[in-house]
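Since this is a predicted model, take the numbers as computed values, not measurements.
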There are 2 protein chains.
Amino acid sequence: MARSDSGESVLERAVRIFEAFTPETTTLAVSEIARRAGLPLATASRLVAEMVRHGLLARDDDRRVRIGLRLWELASRASPTLSLRETAMPVMEQLQASIGHHTQLGVLDGDEVLFVERLSAEHAVINYTRIAARLPLHASSSGLVLLAYGSTTLQERVLAGPLPRYTPATVTGAEELRELLARVRRQGFVLCPGHIHADATGIAVPIRTADRQVAAAVSVIVPNDERARARLPALTAAARSIERRLRDDPAAPPSE
Amino acid sequence: MARSDSGESVLERAVRIFEAFTPETTTLAVSEIARRAGLPLATASRLVAEMVRHGLLARDDDRRVRIGLRLWELASRASPTLSLRETAMPVMEQLQASIGHHTQLGVLDGDEVLFVERLSAEHAVINYTRIAARLPLHASSSGLVLLAYGSTTLQERVLAGPLPRYTPATVTGAEELRELLARVRRQGFVLCPGHIHADATGIAVPIRTADRQVAAAVSVIVPNDERARARLPALTAAARSIERRLRDDPAAPPSE
DNA sequence: CATCGCCCTCCCGTTGAATGGGATGGCGGT
DNA sequence: ACCGCCATCCCATTCAACGGGAGGGCGATG
């Protein structure tokens with residue numbers, strides 16, 4: 001009567017349980033969790049109980065389950081990337097206020113950009129979700145910056161892999177992408193007119209740590225018709241300002 | 001040759017691995033992790049490898065390990081408390097700017113206050129760490145507010161348990177605490193002169209969701225000599241402003 | 001007030017995923 | 001070439017985890 005299907009670690013299942021939660025459904029019943037994570041009810045119940053014991057999940061007054069703050073606490077306390085986020089925040093807000101469009105702070109995670117901060121304009125071209133969104137490296141301005149300054153193994157992996165098309169303007173050719181990356185390194189910034197959303201242009205610049213490693217990218221999204229390049233000085237100034245704060249702060253230097 | 005000491009789930013060990021990381025040591029070698037988490041090297045190595053596969057940990061170019069952004073992503077994407085944090089942030093910053101002292105946003109987690117936002121004054125009475133710090137409920141202003149409006153089972157648990165003393169002013173008597181909580185409910189705020197740091201006074205007010213549940217507490221820390229009560233109007237105004245934003249936002253209503 | 005439907009937890013015999021001591025293979029310093 | 005340290009791999013052993021089903025609670029419906 002034991003494990004019928006095999007090869008599933010507790011950890012794997014725990015992660016699947018976390019993934020069952022979404023911004024729309026922040027609390028779930030155990031049976032819901034079991035359904036979404038594809039687990040037998042008994043297993044889900046036991047695993048949830050244990051996760052609650054460790055603070056990874058929390059229970060409501062009724063028996064519904066939500067994600068525990070412990071998870072966030074563990075992540076925030078000890079991630080250099082997130083202390084970078086804290087350091088950059090005030091500058092990001094200033095930038096957003098002066099530019100009046102979507103302003104984002106993206107870092108490399110896996111083979112994608114993860115946006116750790118995302119300030120939205122009230123009436124903007126595109127409606128973005130708040131934070132913790134991901135985009136592919138080859139089709140977003142931040143992604144291209146992070147890729148251009150990333151390790152060669154990363155570049156080769158991305159160039160070799162499939163390069164999905166989102167709009168007619170998306171760069172999907174390996175050779176074309178290679179040249180674009182070279183240009184990014186030469187210029188120190190990137191302009192992406194309509195690469196991922198047909199009617200929006202992304203502009204991104206790198207943020208470097210004291211040892212010249214690129215740790216993150218700042219980007220803004222403007223409508224295609226605006227003179228995108230005119231935004232560049234403000235963007236570069238913001239990047240410099242964040243870099244200055246990074247050097248002053250006793251924050252660790254994150255590379256990846 | 002198997003399990004010599006028993007009764008340790010993978011989850012438990014995974015959490016201990018996370019806890020091995022601190023703000024000071026954001027990256028660790030596997031052997032370090034093994035030492036800190038009290039695990040055999042082989043076990044640590046295998047577990048770390050699996051956690052990396054799931055994005056819970058990340059590896060540097062050298063082989064050192066850091067906490068994966070996936071953890072933060074999972075937590076941020078689906079926690080109502082953290083979207084409350086996002087909503088409250090601008091107001092918190094305004095409050096900090098106008099008051100010029102430590103300004104904090106605390107929520108109930110377990111039987112403690114967890115500060116999800118903490119804006120520090122440059123030259124302040126006490127030097128706080130950035131975020132994700134915890135304080136006991138009975139000895140902090142935010143804690144007292146959260147406790148006063150918390151469930152009776154929570155209150156009984158805290159009143160029954162030990163009430164550690166931090167300063168001569170700390171409330172350590174169960175009866176005394178019970179009366180203080182009643183006063184907090186009557187007044188709608190709390191003043192804590194020197195309860196946890198001898199030379200600082202905390203002031204806290206509750207933040208309520210649309211259904212009148214207390215979801216969080218806003219607090220400021222001022223030196224004892226200042227007229228602490230004079231800060232109250234600004235604090236209340238900030239709380240009201242956050243409540244207004246909560247009602248407007250399509251954010252879930254967190255209670256615990 | 002029974003009955004039904006749904007949800008959750010506990011029970012318990014079974015078993016394979018996890019374990020950990022030690023061998024193996026790197027890497028850097030001397 | 002040798003040593004010290006680190007990390008991964010190997011593999012026989014075994015206990016933590018498994019999951020079907022029983023049992024109990026809760027609310028809605030007839």
Side-chain angles (χ1 to χ4, degrees), chain A residues 1-21 25-68 151 153 211 255-256, chain B residues 1-21 25-68 151 153 211 255-256:
Chain A
M1 201 116 331
R3 225 154 313 206
S4 61
D5 68 292
S6 60
E8 287 214 310
S9 68
V10 185
L11 231 64
E12 203 167 317
R13 294 176 164 200
V15 171
R16 281 229 302 284
I17 288 184
F18 284 132
E19 288 172 343
F21 295 86
T25 58
T26 56
T27 80
L28 293 172
V30 174
S31 57
E32 275 269 313
I33 293 175
R35 208 167 308 128
R36 295 186 181 218
L39 296 174
L41 182 57
T43 308
S45 174
R46 206 163 7 83
L47 196 46
V48 165
E50 190 181 355
M51 290 169 82
V52 168
R53 260 201 307 286
H54 296 302
L56 303 177
L57 297 177
R59 287 193 115 94
D60 270 2
D61 296 330
D62 49 357
R63 276 142 149 209
R64 296 179 71 77
V65 177
R66 63 179 66 208
I67 290 202
S151 70
T153 58
D211 58 351
S255 63
E256 194 187 358
Chain B
M1 199 122 326
R3 222 154 318 209
S4 62
D5 67 293
S6 60
E8 288 213 309
S9 67
V10 185
L11 233 63
E12 204 167 316
R13 295 176 163 201
V15 171
R16 281 229 301 286
I17 288 183
F18 284 132
E19 287 171 342
F21 295 86
T25 57
T26 55
T27 80
L28 294 172
V30 174
S31 57
E32 275 268 315
I33 293 175
R35 208 168 308 129
R36 295 186 182 217
L39 296 174
L41 181 58
T43 308
S45 173
R46 206 165 5 84
L47 196 45
V48 165
E50 191 181 355
M51 290 169 80
V52 168
R53 260 200 306 285
H54 296 301
L56 303 178
L57 297 177
R59 288 194 114 94
D60 270 4
D61 296 330
D62 49 358
R63 277 142 149 205
R64 297 180 69 79
V65 177
R66 61 179 66 205
I67 291 201
S151 71
T153 58
D211 57 352
S255 62
E256 195 188 353

Would you say a side-chain N or O of R59(B) is under 4.0 Å from OP1 or OP2 of dA7(D)?
-> no
Is the shortest side-chain N/O distance from S31(A) to OP1 or OP2 of dC8(C) below 4.0 Å?
-> yes
Any protein N or O atoms within reach of nucleotides 23-28 of chain C? Criterion: under 3.5 Å, listing atom names and distances.
none

Are R13(B) and dG20(C) close enough that a side-chain N or O sits under 4.0 Å from OP1 or OP2?
-> yes
dC8(C) phosphate, OP1 or OP2: any side-chain N/O from S45(A) under 4.0 angstrom?
-> no
Non-neighbouring partners of R64(B) that pass salt bridge (charged side-chain N to carboxylate O under 4.0 Å, His left out), sequence neighbours left out | none
Assign each of A42(A) and R46(B) to its nearest nucleotide of DNA chain D by heavy atoms, then name whichever residue's nucleotide is nearer the 5' end.
-> R46(B)
Closest nucleotide among dT8(D), dT9(C), dC7(C) to the V30(A) side chain | dT9(C)
Pick the nucleotide of DNA chain C nearest each of L28(A) and L11(A); which residue has the one closer to the 5' end?
-> L28(A)
Under 4.0 angstrom between T43(A) side-chain N/O and dG19(D) OP1 or OP2 = yes
Distance, nearest 0.5 Å, that separates CZ of R16(A) from CD of E8(A) | 4.5 Å
Give A49(B) one of three labels, base, sugar-phosphate or nothing, depending on what nucleic acid heavy atoms sit under 4.0 Å from its own.
-> nothing
Yes or no on salt bridge (charged side-chain N to carboxylate O under 4.0 Å, His left out) for R36(A) and E32(A), after CA distance, side-chain angles and deciding distance?
-> CA-CA 6 Å; R36(A) 295 186 181 218; E32(A) 275 269 313; 3.2 Å; yes
